[in-house]
Amino acid sequence: MTMSFPQQSARTRRFSLGVPRGFQIAPDGSYVSFLRTQGGTDPVTCLWTIDTASGEERLIADPGDLAADGDLPAAERARRERSREQAGGIVGYATDRNVSLAAFALAGQLFTADLRTGTVRAWEAANAPVFDPRPDPAGRRVAYVSDRTLHVIEIATGEDTALVQPETDQVSYGVAEFIAAEEMQRMRGYWWSPDGAALLVARVDETPVERWHIADPANPDRPAQEVAYPAAGTPNAYVSLVIMRLDGATSRSAEGVGDRPSTSSRTAVAWDRGEFPYLVTAYWDERGLLIVVQSRDQRAMRLLRVDQWNGETRLELADTDPVWLEIVHGVPARTGSGALVRTVDDRKTDTRRLVVGDTPVTPAGLQVRSVLDVEGETVLFSASEEPTQAHVYLYRGSSPLKDAAGDGLVRLTEGAGVFSGRRSGDVTVLTGSRLDRPGVTTTVNGIEIASLAETPVITPSVELLRAGEREIRTAVLLPTGWEPGAGRLPVLMDPYGGPHAQRVLAVQRAYCEAQWLADQGFAVVIADGRGTPARGPAWERAVHGDFVTPVLEDQIAALEEAAHRHPDALDLGRVGIRGWSFGGWLAALAVLRRPDVFHAAVAGAPVTDWRLYDTHYTERYLGHPGEEPDNYVHNSLLGDAAKLERPLMLIHGLADDNVVAAHTLRLSSALVAAGRPHTVLPLSGVTHMTPQEVVAENLLHLQVEFLKRSLGASGPPS
């Protein structure tokens, strides 16, 4: 019996299982370590190495041989939710400088692996469960977090030391707070010094943060989970930094004025936390310690140099923007000669450019997405000329530059697709997903690392177009085998439509679900309008203060262009829209504000009242609710409940701690109060993700049946 696409997509976690990831390159170039499950439906991730000369793979650590299944610590569950991790087993690891010692947690236990010999060792940690273990650069110690504090194990002796005791049960050391992990993509809360003699540790005090309670109504015998959730306009966690030295050794100061003895095992880092409450990241190399901090309104960032002996900070660089400053992954960093690597939003050319030292080294129009690696005078980074694609570029600092036009750049990837990579010495790892083939391809200096992911049972046929005067990147998919004259189809808009995410990419596997939806009898249209990434700073900032107008306008413009291109296919009298998270808000907004265009909606985990969403994300776009309350009224769905005249299905996971179920419940209550019929589908035990196989599979069927009924669609049964 042939497996259906919904079954296959659910079992493979959207075809992510079996794909190699998490690459680390040995400095001598002899091997690369990586993570991968042992099959396309196997959810247990293992640790591997590959010989860069022969291509021979070696299984280093198989969770099935190491530890029995156990409950994950709460901090690890939260980290996986924040990173949208859908697999199990060894989902993350860290290595020393030589990439010879790897540390990872499994079922709350601490393990290390010698990546050269393949020897794996289990450690009896003094406190368990263990979270986020990281070896020091020299490979002499392993730090880990447990019970809200940081521990260090000496490799030679096994001695386990708790570096500090939290002062209250609201204080933790070494853990990234909710805002950092969810919105800044900072998943870590501590950093080793280059010599392994000290750690920079985040101290997080959640005392001022409001407490919310997430209950499981399907199991009333279980107590509600209390979470510290900083909703827009409310207090954030108080984040500070301390430097903890592990011995009395001397070390060269950041200012290079000579060796100074350590006088204290703990040194507080000083900066104006009132003005700059957000800790964005830290970077520690042989030249010293840098931190990046951000103002609450996100219009100012400071790069500060930290004196590791007295904790004082000195301004290295200040950046401001009248709207907001975007956080870019991988910066700041430094080249071997000490030149600072960063990005700058060039307002004259509307380009996010890579800057090395004081020189922009990328040309106008090439939008830098992230910095992947910096080694010596080379910088590996990801960037886009065309927003549907992302390519890997190498900047060599020794190459001559002319008028900062990017003459020192080499593009390492070719063809329409989305690529990423890592680089160390002469070894380059490149990963890519392309429009003309399924799956993900990974190579190490041209040697392919096998992907064990399943091939989808469906092959998308997608048309990418540019809609309207703004050239909105749009994808159109029609049913397989559909021919003009076969009758016009109901339309299904399938957007995300908001910041930090793209749906329209030159990646074949990104459209498998859309093709399956089309094959149920729909013309599927996906559009990335204003606010989405890779079109330049002005495009991203076009949603400032107002999601509604630009986002909805661009979806309609894309719909109209698709209908213009395919007048025999799209029936604009039957238009549905579905989405999840921001896309869920957009779907509900569409039927509430523009029922003349949209005739049915499925809204999954929608943000219905932006006052209930978190500080860092919401205030970046809508401002502080106490200062700009009209923005929150305009972008809320609750006041529109009485306007509903189209079918609306609301779906929400009751265990969601990101977009809490209160969003859907409050909108539903407002709709009931207004006498407006609607459908609510609560998902017991489901978070903001839906990795549960049965849930993920049946959700697709339920949405299709609802849309068919609502739009009077026929077509193949789902």
Side-chain angles (χ1 to χ4, degrees), residues 6 10 13 70-82 84-86 88 178 181-182 206 209-232 234 578-585 587-588 592 601-614 618 636-638 640-641 644 647-703 705-706:
R13 313 285 167 88
D71 290 336
L72 291 173
E76 175 62 15
R77 288 198 304 272
R79 189 199 68 80
R80 295 188 185 190
E81 181 70 21
R82 302 285 76 79
R84 310 299 189 257
E85 174 64 62
Q86 299 192 65
F178 174 89
E182 180 65 37
E206 294 184 320
V209 183
E210 289 185 350
R211 287 333 194 247
W212 287 7
H213 299 85
I214 299 176
D216 183 0
N219 295 281
D221 57 311
R222 298 178 185 174
Q225 176 192 5
E226 183 178 274
V227 297
Y229 192 92
T234 69
R578 73 163 200 151
W580 195 268
S581 196
F582 188 97
W585 168 83
L592 289 168
V602 175
V607 180
T608 64
D609 182 353
W610 289 98
R611 288 185 178 87
L612 294 178
Y613 200 56
D614 72 56
T618 315
S636 172
L637 303 180
L638 301 186
D640 294 315
L644 183 66
L648 171 62
M649 172 184 276
L650 301 170
I651 306 173
H652 220 118
L654 298 181
D656 196 335
D657 66 349
N658 179 18
V659 182
V660 294
H663 285 275
T664 282
L665 297 176
R666 290 189 183 185
L667 178 57
S668 178
S669 294
L671 291 168
V672 170
R676 295 295 186 258
H678 61 285
T679 300
V680 178
L681 183 59
L683 305 176
S684 179
V686 172
T687 63
H688 201 58
M689 301 186 294
T690 52
Q692 296 90 335
E693 185 176 319
V694 174
V695 173
E697 176 186 348
N698 288 326
L699 264 182
L700 280 174
H701 292 300
L702 291 167
Q703 291 175 67
E705 294 301 331
F706 173 81

Which side-chain N or O atoms in residues 666-673 pair as donor and acceptor under 3.5 Å with protein atoms at least two apart or in another chain?
unit_1	atom_1	unit_2	atom_2	d
S668	OG	H678	NE2	2.8
S669	OG	L665	O	3.0

- Item | Side-chain heavy-atom pair D216, Q225 within 4.5 angstrom cut-off | no
Distance-only check: which donor-acceptor pairs under 3.5 Å involve side-chain atoms of residues 603-611, not counting sequence neighbours?
unit_1	atom_1	unit_2	atom_2	d
T608	OG1	H663	O	2.7
D609	OD1	R611	N	3.0
W610	NE1	N635	O	3.3

- Task: Evaluate the side-chain proximity of L654 to V686: yes if any heavy-atom separation is below 4.5 Å, no if none is.
- Result: no
- Do the side chain of T664 and the main chain of A661 share a donor and acceptor less than 3.5 angstrom apart? no
- Query: For L699, does its backbone N or O pair with a side-chain atom of Q703 as donor and acceptor, under 3.5 Å?
  - Reply: yes
- Under 3.5 Å donor-acceptor, S581 side chain and G583 backbone: no
- Message: side chain to side chain contact (heavy atoms under 4.5 Å, CB included), that's the test. Do Y613 and N658 meet it? Break it down for me.
- Response: CA-CA 8 Å; Y613 200 56; N658 179 18; 2.9 Å; yes
- Query: Taking atom CG of D656 and atom CG of L683, what is their separation to the nearest 0.5 Å?
  - Reply: 10.0 Å
- Task: Answer yes or no: is there a side-chain heavy-atom contact under 4.5 Å between W580 and H688?
- Result: yes
- Task: Please tell me if the side chains of H652 and P682 come closer than 4.5 Å, counting only heavy atoms from C-beta onward.
- Result: no
- Task: Give the minimum heavy-atom separation between A587 and G579, together with the two atoms involved.
- Result: CB-N, 4.0 Å
- Message: Could you tell me if the side chain of T687 sits less than 4.5 Å from the side chain of D657, heavy atoms only?
- Response: no
- Heavy atoms only: give me the nearest E697-H701 pair and the separation to one decimal. O-CD2, 3.5 Å
- Message: Do L650 and T679 have side chains that approach each other closer than 4.5 Å (heavy atoms only, starting at C-beta)?
- Response: no
- Item | Polar side-chain atom of Y229 near backbone of V209 as donor-acceptor pair, under 3.5 Å | no
- Measure the spacing between OG1 of T618 and CG of L612 and express it to the nearest 0.5 Å. 9.5 Å
- Does any non-hydrogen side-chain atom of H213 lie less than 4.5 Å from one of V227? no
- Note on the structure: Rounding to 0.5 Å, atoms CG (L592) and CZ (R676) come to a distance of 10.5 Å
